[in-house]
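See structure below.
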Amino acid sequence: MAEKGSTALAGVVVFAGSLLLVIGLVNIFQAFIALFADERVVVTRENLVVVDITAWGWVLLISGLLMLAVGAGLLVTQTWARIAGIVLVCLHAVTQIAWLGAYPVWSVMMIALDIVILFALTVRWSEVRDRLGGVGESTWGSPEAGEYSAATSERTPPPLV
C-alpha cells in the first residue's frame, strides 16, 4: 500500500516539474511579446496614455527562465529545485492574488495549480526521491544522512542496514 502512495506522489512531482516547465515557457513567450511590442495605448475618459512595458517583459523573462531551471531540476529530483520551486510557486500565487481583480478565472485556476505544486513539493519528498531515483543527495533530517558528533565536529557514517 505504501508503494502505491509513493508512486502517486512521484507522479504528482513529475506533474509539478512539467507544469513549471510549461509555465516557464509561457512566461518566456509573453516576455518576448512584451519586449518586442513594448508600447501600449491606454484610453480613459479624459486621457490617452502610452505605457512602456519593457520592465515587465524582463521580469517575465527572468521568472520564466527560473521556472524552466526549477522544473528541469524537479524532473531529476534535485533538492535545490524543491526549495527553489516552493519559493517560486509561493511568489507566483501572491502575484496571482494581485491579478485577481483583472483576471478572476485565470487567477483562481493558477492559484489552484500552485497549491497542487506546493503539495507535491512538500509531502514525503524522501519517498518520491527513492521512487524516481534521485541522484546521490541526502534528504532533510533522514537517519541515513549521518549525525554530527558534538565533541569532535566530525560527521559519523550512517548506520548499516
Give, for atom CZ of Arg82 and atom OG1 of Thr122, the distance between the pair rounded to the nearest 0.5 Å. 7.0 Å

Between Leu118 and Cys90, the two heavy atoms sitting closest are CD2-SG, 4.0 Å

When rounded to the nearest 0.5 angstrom, what is the spacing between CG in Leu88 and CD1 in Ile83? 12.0 Å

Are Trp106 and Val59 joined in one hydrophobic group, where the rule is that I, L, V, M, F, W and Y side chains link up if heavy atoms are under 4.5 Å apart? yes

Taking the side chain as every heavy atom from C-beta outward, state whether Val116 and Leu19 have any atom pair closer than 4.5 Å. no

With hydrophobic residues grouped by side-chain heavy-atom distances under 4.5 Å, do Tyr103 and Phe29 end up in a single group? no

In terms of relative ring orientation, are Phe36 and Phe32 parallel, tilted or perpendicular, with 30° and 60° separating the classes? parallel

So, does Ser107 use its side chain to make a donor-acceptor pair with the main chain of Gln96 at under 3.5 Å? yes

Can any side-chain N or O of Asn27 pair as donor or acceptor with the backbone N or O of Leu60 at less than 3.5 Å? no

Under 4.5 Å between any side-chain heavy atoms of Ile117 and Ile86, yes or no? no

Applying a strict under-4.5 Å side-chain criterion to I, L, V, M, F, W and Y, I'd like to know whether Leu35 and Leu25 cluster together. yes

Rounded to the nearest 0.5 Å, what's the gap from CE on Met109 to CG on Asp114? Could you check? 10.5 Å

Please give me the minimum heavy-atom distance between Val70 and Ala84, naming the atom from each residue. CG2-CB, 3.7 Å

When you group the ILVMFWY residues by side-chain heavy-atom contacts below 4.5 Å and let the links chain together, are Ile33 and Ile53 in the same group? no

Could you walk me through whether Leu121 and Leu74 pass side-chain contact (heavy atoms from CB on, under 4.5 Å), step by step? CA-CA 9 Å; Leu121 296 180; Leu74 283 174; 3.4 Å; yes

Write down the atom of Ala34, the atom of Gly57, and the distance for their closest heavy-atom approach. CB-CA, 3.6 Å

Test side-chain contact (heavy atoms from CB on, under 4.5 Å) on Leu21 and Leu75 and set out the steps. CA-CA 10 Å; Leu21 287 173; Leu75 291 179; 3.6 Å; yes

Can you tell me how far apart NE2 (His92) and CD1 (Ile23) are? Round to the nearest 0.5 Å. 5.0 Å

Separation of Met67 CE from Ile28 CD1 (nearest 0.5 Å): 10.0 Å

What is the distance from atom CZ of Phe15 to atom CG of Leu113, rounded to the nearest 0.5 Å? 5.5 Å

Connected via hydrophobic side-chain network under 4.5 Å: Val87 and Ile111: no

